[in-house]
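Some notes on the structure that comes next.
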Number of protein chains: 2
Amino acid sequence: MPSEAVDDYLKAIYEIAGDDGRASTASLARKLSVAPASVTGMLQKLAVRNPAPVEYEKHHGARLSDHGKQRALEVIRHHRLIELFLHRMLGYSWDEVHDEAERLEHAISEQLEDRIAERLGDPEVDPHGHPIPRKDGTIPPRRDLSLLDLFVGAKTTVSRVSDNDPEILRYLSELGITPGTTLHLTERAPFDGPLMLEVGPDNEKQVLGPRVAGEIRVLPPTANGETTG
Amino acid sequence: MPSEAVDDYLKAIYEIAGDDGRASTASLARKLSVAPASVTGMLQKLAVRNPAPVEYEKHHGARLSDHGKQRALEVIRHHRLIELFLHRMLGYSWDEVHDEAERLEHAISEQLEDRIAERLGDPEVDPHGHPIPRKDGTIPPRRDLSLLDLFVGAKTTVSRVSDNDPEILRYLSELGITPGTTLHLTERAPFDGPLMLEVGPDNEKQVLGPRVAGEIRVLPPTANGETTG
DNA sequence: AATGTCTTTTAGGGCTGTCTAAATTAAATA
DNA sequence: TATTTAATTTAGACAGCCCTAAAAGACATT
């Protein structure tokens with residue numbers, strides 16, 4: 001089994017990778033809080049393993065092999081199942097679960113993974129709305145878009161929020177914005193300006209900066225403002 | 001915070017230590033599945049840390065300092081809380097909990113420790129009957145003795161069993177012997193021979209070899225065969 | 001096409017925790 | 001007490017993962 005460090009690299013590559021599936025040395029170094037030189041060293045080692053979890057080309061970053069992707073998804077499955085478990089069974093708030101899960105994801109067995117999943121009724125999303133990869137490596141489909149890409153006037157529902165920053169999560173909690181919350185985008189200031197929203201069943205008016213809005217994803221609105229999915 | 005390896009050493013010293021509080025190099029090597037030379041090296045390093053978790057004298061093994069003992073108890077508290085949690089909340093059988101807890105004990109935060117304890121109602125013993133150290137480092141008292149030290153004719157109750165060997169635990173399960181089970185020692189063959197027992201409410205007759213019996217501890221019987229505690 | 005900047009890689013180390021082989025010390029026995 | 005045996009320690013090395021400093025490559029701009 002891969003070491004914790006290796007699993008962290010695979011997860012990071014998966015999370016950073018865009019359409020071409022590549023993650024740059026610098027972005028990995030940032031994400032993992034490690035010097036760029038350390039990333040280079042690790043990628044070189046991983047690329048010559050057998051089976052190799054990553055493909056690596058000098059100066060062109062890393063890409064996960066099928067094998068590496070499988071492993072990354074398994075670790076992410078662990079992470080999200082644990083987050084949900086802590087939230088549902090042990091009263092953790094959604095801004096507390098990430099750090100705890102970050103350590104536990106490396107320590108649980110297949111057996112514990114299975115029992116947690118069973119206990120939670122084979123859930124499809126974690127407390128932040130992120131899909132939980134299935135055991136077979138497929139991901140429950142979820143069509144959503146960034147709140148930033150929403151057109152003015154749209155009514156929709158929060159699908160998920162980024163789970164990395166507890167500060168932002170606490171802030172969103174205060175605003176009453178969690179997965180499932182309804183939103184009505186009433187106005188958007190130009191030049192990456194703030195968004196005006198009506199939030200939840202009471203249509204509370206809130207103003208959201210673009211950095212925070214970028215962490216929120218919503219279900220695709222229909223023409224008349226209703227949401228699908 | 002100490003590394004996992006260090007925590008494992010401290011726990012091992014605590015568990016091996018007898019009356020004088022010492023654990024030999026060889027016994028630690030055996031318990032930790034590590035070469036004796038590795039133990040020597042680690043003990044030397046630990047002894048010069050500040051604060052030092054162990055006192056070490058060449059050729060005379062290691063002893064925990066107050067500081068080290070505190071840490072060992074904390075790790076053991078984690079271990080036993082996790083064992084009980086897996087047993088009660090996730091349907092683990094008592095022979096399955098040890099290995100899982102062995103990894104998780106290093107990964108949980110203070111916060112998670114507290115919530116688990118709370119969820120379980122601040123329990124005093126784990127599924128094998130071992131006392132769970134309290135947060136302040138004290139240990140719930142429990143007067144018991146080895147089944148091997150019981151006099152013939154005594155009636156008593158199982159207090160706890162060793163948790164290291166899943167095979168033995170499964171065997172004891174089959175025999176219906178778990179913490180709380182009543183026992184009547186009817187006969188003992190000489191020269192470390194087997195023990196004849198009547199087990200449980202139905203007084204099922206069972207024969208137990210001395211190696212297995214040595215893993216079982218029982219409450220002190222009173223003169224007439226009743227048990228205290 | 002040359003320059004300068006930014007990214008990435010190479011080179012050389014460090015720390016932790018492990019190992020084997022050889023040397024030493026302690027304990028048991030003659 | 002001398003000798004043998006068993007336990008322990010020293011010496012030297014290695015794997016994994018990290019670091020800094022310096023060199024090299026990629027890329028945008030002039």
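Protein chains get the first letters and strands the later ones, always in sequence-line order, with residue 1 at the start of each. Atoms considered below: every heavy atom in the structure, side chains included; atoms not considered: hydrogens, waters and symmetry mates. Keep in mind the model is a prediction, meaning the values are calculated, not measured.
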Notebook entry, point to check: Between residues 40-57 of chain B and DNA chain D, which residues have a heavy-atom gap below 4.0 Å?
Noted result: B:Thr40, B:Gln44, B:Tyr56
Next item on the list: Using a cut-off of strictly less than 4.0 Å between a heavy atom of the residue and any atom of DNA chain D, enumerate the qualifying residues of residues 21-33 of chain B by number.
Entry: B:Ser24, B:Thr25, B:Ala26
Margin query: Going by the rule side-chain contact (heavy atoms from CB on, under 4.5 Å), which residues pair with A:Ala52 if we only count those two or more places apart in sequence or in a different chain?
Written below: none
Note to self: Using the side-chain contact (heavy atoms from CB on, under 4.5 Å) criterion, which residues pair with A:His60? Sequence neighbours excluded.
What the structure shows: A:Glu57
Can you give me every donor-acceptor pair (side chain of residues 30-47 of chain A, partner residue at least two apart or in another chain, under 3.5 Å) with its distance?
from	atom 1	to	atom 2	distance (Å)
A:Lys31	NZ	A:Glu15	OE1	3.2
A:Thr40	OG1	A:Pro36	O	3.4

Note to self: What is the first contacted nucleotide of DNA chain D and what is the last, in 5' to 3' order, if contact means an atom lying under 4.0 angstrom from a heavy atom of chain B?
What the structure shows: D:dT8 to D:dT10
Next item on the list: Carefully, step by step, assess B:Asp20 and B:Arg63 under the rule salt bridge (charged side-chain N to carboxylate O under 4.0 Å, His left out).
Entry: CA-CA 8 Å; B:Asp20 61 349; B:Arg63 174 162 41 198; over 6 Å; no
Notebook entry, point to check: Stepwise, does the side chain to side chain contact (heavy atoms under 4.5 Å, CB included) test hold for A:Val218 with A:Asp144?
Noted result: CA-CA 5 Å; A:Val218 298; A:Asp144 56 14; over 6 Å; no
Check: What pairs of residues pass the ring-ring contact (aromatic ring centres under 6.0 Å, His included) test when at least one of them lies in residues 12-58 of chain B, not counting sequence neighbours?
Finding: none
Item checked: ring-ring contact (aromatic ring centres under 6.0 Å, His included) contacts in which one or both residues fall within residues 94-129 of chain A, not counting sequence neighbours -> A:His79-A:His98, A:Trp94-A:His128
Item checked: With sequence neighbours excluded, residues passing side chain to side chain donor-acceptor pair (under 3.5 Å) with B:Arg119 -> none
Item checked: Contacts of type side chain to side chain donor-acceptor pair (under 3.5 Å), residue B:Arg188, not counting sequence neighbours -> none
Item checked: Point-to-point distance, once rounded to the nearest 0.5 Å, from CG of B:Leu81 to CZ of B:Arg77 -> 5.0 Å
Check: Considering residues, nucleotides and ligands other than A:Lys135, do more than 12 of their heavy atoms fall under 6.0 Å from its NZ?
Finding: yes
Enumerate the protein-to-nucleotides 20-26 of chain C contacts in which both atoms are nitrogen or oxygen and the separation is below 3.5 Å.
none

Note to self: Using a strict heavy-atom distance below 4.0 Å, which residues from residues 4-17 of chain B are in contact with DNA chain C?
What the structure shows: B:Ala5, B:Tyr9
